[in-house]
Amino acid sequence: MLTSTISTAFVVFSALASTVSAMPWGPPKPPRNQPGLAKLQSVMPLGTLQPPTGLELKFVGLGLGTQNYTCDNETAPISTTGALATLYDLGSRLNNDPMAQWKLASISGLSLSLSTRKWMMDAYLGAQGYNKVLGGHYFTAKVPTFSLYKIQASPFPLVFGKKNGTMDAPPTACPGLKGEGAVPWLQLIDNGGSQGGVNTVYRLETAGGKAPATCKGMKSTFEVPYAAQYWVFGPK
Ligand SMILES: *[C@@H]1O[C@H](CO)[C@@H](O)[C@H](O)[C@H]1NC(C)=O
Ligand SMILES: *[C@@H]1O[C@H](CO)[C@@H](O)[C@H](O)[C@H]1NC(C)=O
Ligand SMILES: *[C@@H]1O[C@H](CO)[C@@H](O)[C@H](O)[C@H]1NC(C)=O
C-alpha cells in the first residue's frame with residue numbers, strides 16, 4: 001500500500017515536474033461566482049441517472065472526506081449517519097481543459113489515494129489548480145447539505161438536497177483505500193431552502209466510502225474515507 005502510494009505520487013510528480021514552474025503555487029485566491037460551465041456540462045458522466053432539465057452546470061466540486069456509519073451491535077444493520085467532506089473547485093479549471101473528459105475518470109481515485117499523506121494530496125491539487133476550496137458537504141439534521149460559502153456572492157450557493165435517483169457506481173470505480181467499494185452515484189434535488197442560484201447536485205465518479213456488508217467486527221461508529229465529484233446545477 002505504502003509502496004504503491006509513494007510510486008503513484010512519484011509518477012504524478014514526475015509528470016508535473018516539467019510544467020511546475022508555470023503552476024500557481026502559494027495561497028489560492030478565493031473563488032468567484034462563475035458563469036455556467038457549458039463545456040464541462042457537455043461531457044458530464046451521467047451514467048443511468050436522469051439528466052438535469054432546464055438547468056445549467058454552475059460548479060463541480062471534488063469532495064474529499066468520510067462517509068460515517070454506526071453499528072448498534074454485531075448483528076444490527078449498519079446505519080448511515082452522514083458524511084463530512086471538503087469541496088475543492090474542479091469546475092473552473094476543467095471547463096477549459098480539452099482533456100477534461102479523460103481526467104474526470106481518474107481524479108477521484110487518485111486524490112483519494114494521495115489523501116493518506118496530506119502533503120501529497122495538497123501538492124497534487126495545487127499543481128493541477130484544483131486547490132481552491134468552494135466550501136463543504138455535511139448533513140444538517142439528516143439532510144445532505146452543500147455549502148459553497150467561499151463563493152463571493154450574496155447569498156452564497158447552498159443546496160439542501162434529497163435523493164431523487166441512484167445507481168451503483170460502475171465496476172471501474174475506485175473501490176477505496178481498503179477495497180470497501182465505491183458509494184452509489186446520486187441525483188439530489190432541492191429539499192427546500194436551497195439558495196444562491198443552485199438547487200440540484202449530482203454525486204458522480206465516486207471512490208471508496210462504502211460500508212461493509214454487516215456490522216460484524218465493526219466499532220459503534222466508524223468512518224470510511226471517500227472521494228466524489230459533486231456537480232452542482234441551478235436555473236439558467
Ligand atoms: C442489536 O441492535 C439491533 C438494532 O438496534 C436491535 O434490534 C437488537 O435487539 C440488538 N441485538 C442485541 C443482541 O443486542
Ligand atoms: C463524520 O466523521 C467525521 C470524522 O470523524 C467527524 O468529524 C464528523 O463530525 C462526523 N459527522 C457525522 C455527521 O457523523
Ligand atoms: C426525479 O426522478 C423522477 C424519476 O426518475 C424523474 O421522472 C424526475 O424527472 C426527477 N426529477 C427531477 C427534478 O429531475
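Please read all numbers here as calculations on a predicted model, not as lab measurements. When a ligand or atom number is given, it counts from 1 through the structure's own listing order. Along the sequence shown, the residues carry numbers beginning at 1.
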Residues in contact with ligand 1, criterion: heavy atom under 4.0 Å: Asp72, Asn73, Ala76
Under 4.0 Å to a heavy atom of Thr81 - the qualifying atoms of ligand 2, by number: 13 (C), 14 (O)
Salt-bridge criterion met for Arg93 and Asp97 (N-O under 4.0 Å): no
Leu64 side chain near Met121 side chain, heavy-atom distance below 4.5 Å: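 Heavy-atom side-chain distance check passes, below 4.5 Å.
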Within-4.5 Å side-chain heavy-atom neighbours: Phe59 and Leu148: yes
Donor-acceptor contact present, side-chain Ser194 to main-chain Asp190, <3.5 Å: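 Side chain of Ser194 to backbone of Asp190, a donor-acceptor pair under 3.5 Å: no, none is there.
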Within the 6.0 Å centroid threshold, strictly below: Phe146 and Tyr230: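 Ring centres of Tyr230 and Phe146 closer than 6.0 Å.
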Pairs touching residues 99-212 that satisfy disulfide bond (SG atoms under 2.5 Å apart), sequence neighbours left out: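 Disulfide bond (SG atoms under 2.5 Å apart) check on residues 99-212 returns no pairs.
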Shared hydrophobic cluster, Trp119 / Tyr130 (ILVMFWY, side-chain heavy atoms < 4.5 Å):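 Yes: a chain of side-chain contacts under 4.5 Å links Trp119 to Tyr130.
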Distance filter under 4.0 Å to Gln50 heavy atoms, resulting ligand 3 atoms: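 Those of ligand 3 that fall under 4.0 Å from Gln50 are 5 (O).
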